[in-house]
Amino acid sequence: MRLYNTLSRRMEELPPPPGPVRMYFCGPTVYQRAHIGNARPFIVGMWLRSWLRARGYDATLVHNITDVNDKIYDAAPGKSAELAARATDWYLEDTGDLGLGMPDALPRATESIPSIVRFIEQLVATGHAYAVEGDVYFRVASDPGYGRLSRQRPDQVEEQEPNPLKEDPRDFALWKANKPGEDTSWDSPWGRGRPGWHIECSAMAEDAFGPVFEIHGGGLDLVFPHHENELAQSLALGHDFARIWTHNGMLGGMDGEKMSKSLGNDVSLRNVLDTWGREVVLLFFFGAHWRKPVEFGDDVLEQAQAQLEGFRNVFRSPSERVGDWAELEAALDDDFNTPEALAVLHGWRDHELLRRAFAIFGLESLADLEEAPTDLAELAARRRDARDSKNFAEADRLRDEIAAAGWEVRDVADPPGFQLVPRP
RNA sequence: GGCGCCUUGGCCGAGUGGUUAGGCAUGGGUCUGCAAAACCCAGUACACCGGUUCGACUCCGGUAGGCGCCUCCA
């Protein structure tokens with residue numbers, strides 16, 4: 001099994017099973033309903049864990065939730081804690097409805113404050129950080145290798161709003177003093193305040209796994225500064241950190257102009273799930289390589305839906321011994337190439353094999369065939385009789401009636417009879 | 001200004017220095033009372049301009065267009 005590593009810019013082989021493979025994937029900041037783009041790292045992480053387990057690995061996934069930061073303060077002045085709690089529940093509910101199960105742990109930043117504070121204390125003690133007026137900043141100049149992950153040149157990084165408290169504009173906050181209007185804060189050696197974003201992940205990852213783990217994932221937009229800074233913090237303490245960094249590509253097509261017709265301007269995961277169903281969402285993501293950007297829209301969703309129907313039809317026909325598990329392994333073991341795997345699955349006709357593969361990706365429901373309501377089955381039987389007696393006008397009328405109820409009659413030749421199938 | 005990525009047939013989307021990706025849609029056919037499903041056949045793609053090479057969609061350079069990030073966006 002090999003994966004592309006952002007840090008080394010090349011493919012890297014995972015240790016042989018059982019590993020372990022410990023994965024930490026950055027989760028959302030909870031201040032609103034998660035959008036469809038937020039679903040990608042969750043899905044990639046869950047699928048990867050699932051595939052690794054199928055390959056005999058001892059794989060675990062930790063997915064954090066950032067439940068304290070400026071966005072949350074801004075979204076709910078004075079009531080940010082309530083919003084964060086509610087939005088966390090939304091996230092768990094919406095990702096849960098993907099039907100992939102849940103990560104092994106979902107640590108919250110607000111529940112990890114002691115570890116975060118300890119981490120910062122060590123950085124201060126070793127000279128990698130400094131406290132100023134209740135803030136604590138990481139001293140980027142203390143890390144000669146800074147920029148190793150993102151390949152940013154520190155001297156070229158654009159300066160944001162100047163902050164006179166910083167020694168160097170590149171320095172970033174580890175701890176921020178409590179400000180008026182911020183309703184969540186904790187005691188610390190530097191006074192009341194709250195943690196910076198990057199240190200949360202360093203602390204939570206170490207809490208979960210210790211200083212070394214195999215894979216750190218997240219959206220491509222997190223490479224800089226978030227992951228660059230996490231890495232700097234951990235290396236500063238002489239710790240190793242993630243061996244392989246995986247960054248999923250972003251979703252396009254979610255902005256004004258090309259807004260999805262079916263979803264209006266609401267591209268929340270909730271709305272997409274309610275409108276298209278979980279299988280469509282999953283197959284949409286399955287069809288694109290995790291590292292590549294992908295356009296989101298009605299057209300691709302429709303295509304995913306059509307493909308699902310094709311797979312269901314395979315289960316509606318007799319199983320044939322066509323398919324080879326090794327083909328799936330070859331595709332997925334090579335940088336987790338799900339579109340290649342999809343092509344493989346399209347060639348399979350063996351129900352047992354397909355079911356086994358789909359189960360890994362939360363799509364085992366494709367094998368479930370819906371039973372038609374008895375009244376429709378009755379109509380279909382009457383149509384069969386009419387047809388057998390060459391009363392085709394009546395047979396067609398009954399077929400239309402069944403169609404109006406949302407089902408489709410398919411005549412089957414081999415064991416002579418018919419099949420009732422819900423229309424997609 | 002800096003770092004990095006992308007551009008494949010109507011659409012989505014893999015991949016490789018020389019062989020059919022796959023899917024969706026479309027047209028034709030087989031099957032069917034007619035359909036549906038299934039199966040068969042058809043399309044022969046790789047932004048543009050140079051270069052390297054016996055040979056490039058695949059490597060190198062440039063151009064155009066698109067995208068991400070540049071201190072709290074997955």
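Chain letters run A, B, ... following the sequence lines, proteins first and then strands; every chain starts at 1. These values consider heavy atoms only, across backbone and side chains, with no hydrogens, waters or symmetry-generated copies.
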### Query
Can you tell me how far C1' of rU32(B) sits from CZ of Phe418(A), to the nearest Å?
17 Å

### Query
For residues 320-339 of chain A, which residues have at least one heavy atom under 4.0 Å from RNA chain B?
Asn337(A), Pro339(A)

### Summary
In whole angstroms, the gap separating P of rG4(B) from NE2 of His227(A) amounts to 19 Å

### Task
Could you tell me whether Val409(A) contacts a base, only the sugar-phosphate backbone, or nothing, with contacts defined as non-hydrogen atoms closer than 4.0 Å?
base

### Task
Give the rounded distance in Å between these two atoms: CG of Leu308(A) and P of rG22(B).
20 Å

### Task
Please check if any side-chain donor atom of Asp67(A) sits under 3.5 Å from a side-chain acceptor atom of Tyr31(A), or the reverse.
no

### Message
Output the rounded distance in Å from CD (Glu302(A)) to C1' (rA25(B)).
### Response
10 Å

#### Entry: Val300(A) or Asp171(A), whichever maps to the more 5' nucleotide of RNA chain B
Val300(A)

### Message
Show me, range against range, the stems involving RNA chain B, built from at least 3 consecutive Watson-Crick or G-U pairs below 3.5 Å.
### Response
B:1-7 with B:64-70, B:10-12 with B:22-24, B:26-30 with B:38-42, B:47-51 with B:59-63

#### Entry: Options rG33(B), rA74(B), rC3(B), nucleotide nearest the side-chain atoms of Phe392(A)
rG33(B)

### Message
If you take any heavy atom closer than 4.0 Å to RNA chain B, which residues from residues 394-402 of chain A end up in contact?
### Response
Asp396(A), Arg399(A)

### Task
Using the closest heavy atom to pick a nucleotide of RNA chain B for each, name whichever of Trp290(A) or Asn69(A) lands nearer the 5' end.
Trp290(A)

### Message
Does anything in residues 73-90 of chain A come within less than 4.0 Å of RNA chain B? Heavy atoms only, and list the residues if so.
### Response
none

### Query
Which residues satisfy the ring pair (Phe, Tyr, Trp, His ring centres under 6.0 Å) test with Phe42(A), sequence neighbours excluded?
His63(A)

### Query
Is Gln307(A) side chain donor-acceptor paired with the rG23(B) base, going by distance under 3.5 Å alone?
no

### Message
The side chain of Glu340(A) is closest to which nucleotide in this list: rU71(B), rA14(B), rC11(B)?
### Response
rA14(B)

### Task
Run the numbers on Glu352(A) and Ser319(A) for side-chain hydrogen bond (donor to acceptor under 3.5 Å, both in side chains), then give the verdict.
CA-CA 8 Å; Glu352(A) 212 40 56; Ser319(A) 180; over 6 Å; no

### Query
Near RNA chain B, which residues from residues 26-41 of chain A have a heavy atom under 4.0 Å away?
Gly27(A), Pro28(A), Thr29(A), His35(A), Gly37(A), Asn38(A), Pro41(A)

### Message
From C-beta outward on Ala343(A), which listed nucleotide comes closest to its side chain: rA36(B), rC12(B), rA21(B)?
### Response
rA21(B)

### Message
If the condition is side-chain contact (heavy atoms from CB on, under 4.5 Å), which residues does Val136(A) pass it with, not counting sequence neighbours?
### Response
Ile120(A), Val124(A), Ala129(A), Ala131(A), Leu174(A), Trp175(A), Trp190(A)

### Query
What parts of residues 103-111 of chain A reach RNA chain B, counting only heavy atoms under 4.0 Å away?
none

### Message
Using the side-chain hydrogen bond (donor to acceptor under 3.5 Å, both in side chains) criterion, which residues pair with Glu214(A)? Sequence neighbours excluded.
### Response
Arg22(A)

Listed pairs under 3.5 Å, donor-acceptor, residues 323-332 of chain A side chains, sequence neighbours left out:
from	atom 1	to	atom 2	distance (Å)
Asp324(A)	OD1	Ala326(A)	N	3.0
Trp325(A)	NE1	Glu329(A)	OE2	3.3
Glu329(A)	OE2	Arg55(A)	NH1	3.1

### Message
Measuring only between side-chain heavy atoms, which start at C-beta, is Glu408(A) closer than 4.5 Å to Pro422(A)?
### Response
no

### Query
What does Arg316(A) touch in the nucleic acid at a heavy-atom separation under 4.0 angstrom: a base, only the sugar-phosphate, or nothing?
nothing

### Message
Can you tell me which nucleotide in rA14(B), rC12(B), rC72(B) comes closest to the side chain of Ala288(A)?
### Response
rA14(B)

## Note on the structure
Sorted by chain and residue number, the side-chain hydrogen bond (donor to acceptor under 3.5 Å, both in side chains) partners of Thr88(A) (sequence neighbours excluded) come out as none

### Message
What's Ser317(A) touching, base or sugar-phosphate or nothing? Going by heavy atoms closer than 4.0 Å.
### Response
nothing

### Task
Using atom CH2 of Trp407(A) as one end and atom P of rA37(B) as the other, report the distance to the nearest whole Å.
16 Å

### Message
Using a heavy-atom cut-off of 4.0 Å across all strands, would you classify Arg312(A) as base, sugar-phosphate, or nothing?
### Response
nothing

### Task
Using a heavy-atom cut-off of under 4.0 Å over every strand shown, decide if Arg151(A) touches base, sugar-phosphate, or nothing.
sugar-phosphate

### Query
Who pairs with Tyr130(A) by side-chain hydrogen bond (donor to acceptor under 3.5 Å, both in side chains), at least two apart in sequence or on another chain?
Asp171(A)

### Check: rG33(B) base within 3.5 Å donor-acceptor of Arg383(A) side chain
yes

### Query
Does Arg151(A) reach the side chain of Phe224(A), with side-chain heavy atoms less than 4.5 Å apart?
no

### Message
Once hydrogens and angles are ignored, does a donor-acceptor distance under 3.5 Å link the base of rC11(B) to the side chain of Asp298(A)?
### Response
no

